[in-house]
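Structure first, commentary second.
Each chain gets a letter, A, B and so on, in the order the sequences are listed, and its residues count up from 1.
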Amino acid sequence: MDFKKYIAQNIILDGINEEEIYALVTVAANSSFGDFALPCFTLAVRLNEKPFTLAKQIAQRYPKDQIVCEVEDTKGYVNFKINREYWTKVTLTKILTEGDEYGSSKIGEGKTICIDYSSINIAKPFHIGHLSTTVLGSCLYKIYKFLGYTVVGINYLGDYGTQFGKLVYAFEKWGDPALIATGGLRTINDLYVKFHKQAKLDASLEEKAREYSKKIEEGDSRCVSIYETLKAITLKEVTAIYKNLNVEFDDWLGESHFIAKVPDVVKELDSMHLLTENDGAKIVDLAEHNMPPALILRSDGASLYLTRDIAAAEYRKEKYNFDKSLYVVAYQQNLHFKQLFKVLELMDKNWVGDMQHIAYGMVSIEGMSMSTRNGVVIYLEDVITQCICKAESIIQAKNPDLPDLAEVARKIGLGAVIFSVVNMNRIKDVVFSYDKILNFEGETACYVQYTCARANSILEKGNITLQEKNSIIYLLKRLESDDISNTEFDLIKKLSEFPSILQMTLEKHEPCFVTRYAITVAQLFNKFYMESPILNANSYTTYRLALTQATLTTLTNALMLLGIEVPKKM
RNA sequence: GCGCCUGUAGCUCAGGUGGAUAGAGCAAUGGCCUUCUAAGCCAUGUGUCAGGAGUUCGAGUCUCUUCAGGCGCGCCA
């Protein structure tokens, strides 16, 4: 229920419509003022009144009822209090009835969203630099789906370029199949590093790389088979990681798939007189749009990243007819996407406005930026292992008899990994630190999971089923406003915000809204948990159990959207 | 040099469309388990919101400017 709207409807002022009032109504800064507030300053100017007087008038005239039970003015604000009993019953009934659907909606029905995320490179081990795009993209994917959109998760594989010439050459020359079978991508990466070392000593290697690159493209069976082996090893390793992180994709077409479409792109650009030649290369001049030129073809005729991105964008529009196409890619590529969108605009693609670059900050290791080539790298696999180990040792210390210890440790450890990306605004840079990621206290995924475990434990003991809407209403029948404490009411109000939090998350594409929200709910629940008994609370027991269940449901849904699983016990 | 981003407590970060006294977590100190999981709760302290100017009844939030840091700027992706 939209209480702001309800309040706005009941305020009638000359020459000011409901929408304007609705826009001004805010959540009260402090719950001691009330639940909602209307600042009267701008209205007063328009009505030629003093804010204090106007606030007083509105407060006096406001028709109080079953929903809005108290209206008072202070210092130019009108403060509204909502009937606690009403708000509580509406909220708890909704959450308990909807269960794991709570927060979902159908606002996205009939709309398609493409999200390009993770987009790993073939033959490179998954390191913490890849984590942000993977986790942020996955959260957006899950939330869009939850709100009824048709979503296409695209892992735009980096499977094309001269680096594969280098790799295939190195593989053929130095690769030991047995070693690679056990060492996987890390061993393959060593070959890549070795190539670069050797190439510094022997310039002819670069020539070899180009030669092998060409061989792959021409379909040389031996080279292609090595390349396919590399690809298979990569997919096998990342699939395991994606499974752990609960990340899914629907489309795995990589850059190499779009090579064939490059000539058409060039032809189209040319026919629109957008291409100019410069030092032998074909470019789109963007000077009048205050940007450096967009390189379409190199002087040797080869395509570039941007060219293939144009082809891929057109393909996505044709195949999926998206209403929105998102690219979850680091902010280093701001200019690239500005250029891509501008070129598409110049090509009269009227859907370019539906494309958006979702930029995020970079991960560094104590001031050094990540570089596989220079060995400055932290592999995600190691981070996951460490987090799970730490979780395991904490469980050993606190709850050694826990059944499924390993599985619980897995959920907690992975929660920590995911949270490290998603508990701050995505644009912020991150300095990776094991100390930080291995901390399981305070504002962490573990804290939220622990809160769920507590709630779950109580519910098991309480042994009450709250599924039928009628039974919930019956159980809450005798509940009155005076039975609801301030803490409980703060929690209930917060729980009722969940659906709007999800919509906000998509408006801003900020998964951290969900994280912040989950932590706030957990804090309020823990406060409630300490303040009042739930199981032995006489006539309050059923209501408090219902509140406990509603909290568990909301937190579980929130964590699920982040890809974090909730252990029943921990 | 030009463009984009960031700057809030000792540290890490929150602060929907400008609104009432700027908030959490970590770290520190002290309390709370013979009642529901102490991975928790409660209490205590610190802020020139990077500096300056402007718009406004009202600015951490908007505009301009200075400073500091990050990223990017034609044949890599």
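None of A:F33, A:F52, A:F41 except one satisfies the ring pair (Phe, Tyr, Trp, His ring centres under 6.0 Å) rule with A:Y77; the exception is A:F41.
Listed nucleotides B:C71, B:A39, B:A77 differ in distance to A:Y331; the shortest reach to its side chain belongs to B:C71. Of all nucleotides listed (B:C26, B:A39, B:U6), B:A39 comes nearest to the side chain of A:K398. In this structure, the nucleotide among B:A77, B:U17, B:A39 sitting nearest to the side chain of A:F440 is B:A39. Checking B:G25, B:A20, B:G72 against every side-chain atom of A:Q332, the shortest atom distance belongs to B:G72. Comparing B:G16, B:G25, B:C26 by their nearest atom to the side chain of A:K508 picks out B:G16. Closest approach to the A:R454 side chain among B:C41, B:A38, B:A20 is made by B:A38 (side chain taken as heavy atoms from C-beta onward). In this structure, of B:A20, B:U37, B:A39, it is B:U37 that holds the atom nearest to the side chain of A:I458. In the set B:C71, B:A20, B:C57, B:C57 carries the atom at the smallest distance from any side-chain atom of A:F41. Closest to the side chain of A:Y529, out of B:C36, B:C41, B:G19, is B:C36. Among B:A20, B:U6, B:A77, the nucleotide with an atom closest to any side-chain atom of A:K428 is B:U6.
Atom CG in A:N30 sits about 14 Å away from atom C1' in B:G19, given to the nearest Å. The NZ atom of A:K342 sits 20 Å away from the P atom of B:C73 (whole-angstrom rounding). The nearest whole Å value for the distance from the OH atom in A:Y192 to the P atom in B:C76 is 12 Å. When the P atom of B:C42 is taken as reference, atom CZ of A:F525 falls 14 Å away, rounded to whole Å. Taking atom CG on A:D279 and atom P on B:C75, their separation rounds to 10 Å, with Å as the unit. When the C1' atom of B:U6 is taken as reference, atom CD1 of A:I427 falls 8 Å away, rounded to whole Å. Remark: P of B:G72 and NE2 of A:H336 are 14 Å apart, rounded to the nearest angstrom. Here B:C13 presents its C1' atom at 17 Å from CZ of A:R426, a figure rounded to the nearest Å.
Side chain A:S457 to base B:C36: no donor-acceptor pair is found below 3.5 Å. The base of B:A77 lies outside donor-acceptor range of the side chain of A:D309, with no N or O pair under 3.5 Å.
For A:Y450 and A:Y447, the ring centers sit 6.0 Å or farther from each other.
Nucleotide B:C49 forms no Watson-Crick or G-U wobble pair with any nucleotide shown, as no partner meets the under 3.5 Å limit on both distances. Both distances falling under 3.5 Å, in either a Watson-Crick or a G-U wobble arrangement, place B:C71 opposite B:G3. Using Watson-Crick or G-U wobble geometry with both donor-acceptor distances under 3.5 Å, B:G60 finds no partner in any strand shown. With a cut-off of 3.5 Å on both Watson-Crick or G-U wobble distances, the partner of B:U34 is given as none. Under the Watson-Crick or G-U wobble criterion, with both distances below 3.5 Å, B:G25 is paired with B:C11. With a cut-off of 3.5 Å on both Watson-Crick or G-U wobble distances, the partner of B:A20 is given as none.
Comparing the P positions of B:C57 and B:A27 gives an interatomic distance of 46 Å, to the nearest angstrom. The C1' atoms of B:G15 and B:G3 are separated by 28 Å, rounded to the nearest whole Å. Rounded to whole Å, the C1' atom of B:A77 lies 37 Å from the corresponding atom of B:U61. Comparing the P positions of B:U29 and B:A14 gives a spacing of 28 Å, expressed to the nearest Å. B:A59 and B:G45 have their C1' atoms separated by 27 Å, given to the nearest Å. The P atoms of B:C5 and B:G10 are separated by 28 Å, rounded to the nearest whole Å. Using atom P as the reference point in both B:A38 and B:C32, the two lie 15 Å apart (nearest Å). Distance noted for atom C1' between B:C2 and B:G74: 16 Å (whole Å).
Ion pairing between a basic and an acidic side chain is recognised when a charged N comes within 4.0 Å of a carboxylate O; A:K4 and A:D2 show no such pairing. A:E207 and A:R210 are joined by a salt bridge, as a carboxylate oxygen and a charged side-chain nitrogen come within less than 4.0 angstrom of each other.
The shortest distance between the side-chain N/O atoms of A:Y305 and the OP1/OP2 oxygens of B:A77 is not below 4.0 Å. For B:G72, the OP1/OP2 oxygens have no side-chain nitrogen or oxygen of A:K338 closer than 4.0 Å. Applying the 4.0 Å criterion to OP1 and OP2 of B:C13, one finds that A:N425 has every side-chain N and O outside that range. The phosphate of B:G25 (OP1 or OP2) has no side-chain N or O of A:N423 nearer than 4.0 angstrom. The side chain of A:R298 contributes an N or O atom lying less than 4.0 Å from OP1 or OP2 of B:C76.
The aromatic rings of A:F3 and A:F36 sit tilted relative to each other, their planes meeting at an angle between 30° and 60°.
Annotated as anti: B:C32, whose glycosidic dihedral deviates from 0 by more than 90°. With a glycosidic angle no further than 90° from 0, B:G16 counts as syn.
Under the stacking definition used here (centres under 5.5 Å, planes under 30°), the residue A:F33 qualifies as stacked on the base of B:A20. In this structure, A:Y77 does not count as stacked on the base of B:G19 under the 5.5 Å centre distance and 30° plane angle limits.
Annotation: cation-pi pair A:K390/A:F440 present, NZ/CZ under 6.0 Å from the ring centroid and within 45° of its normal. Annotation: cation-pi pair A:R454/A:Y529 present, NZ/CZ under 6.0 Å from the ring centroid and within 45° of its normal.
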Worked check of salt bridge (Lys or Arg N to Asp or Glu O under 4.0 Å) between A:E211 and A:K214:
CA-CA 5 Å; A:E211 182 190 315; A:K214 211 167 180 192; over 6 Å; no
Go through the steps for A:R316 and A:D116 under the test salt bridge (Lys or Arg N to Asp or Glu O under 4.0 Å), then give the verdict.
CA-CA 10 Å; A:R316 289 171 196 181; A:D116 177 326; 3.1 Å; yes
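Toward the 5' end of RNA chain B, the nearer of the two residues A:L535 and A:P293, judged by each one's closest nucleotide, is A:L535. Summary of the strand contacts: A:S500 and A:Q333 both lie near RNA chain B, and taking for each the nucleotide with the nearest heavy atom, the more 5' one is attributed to A:S500.
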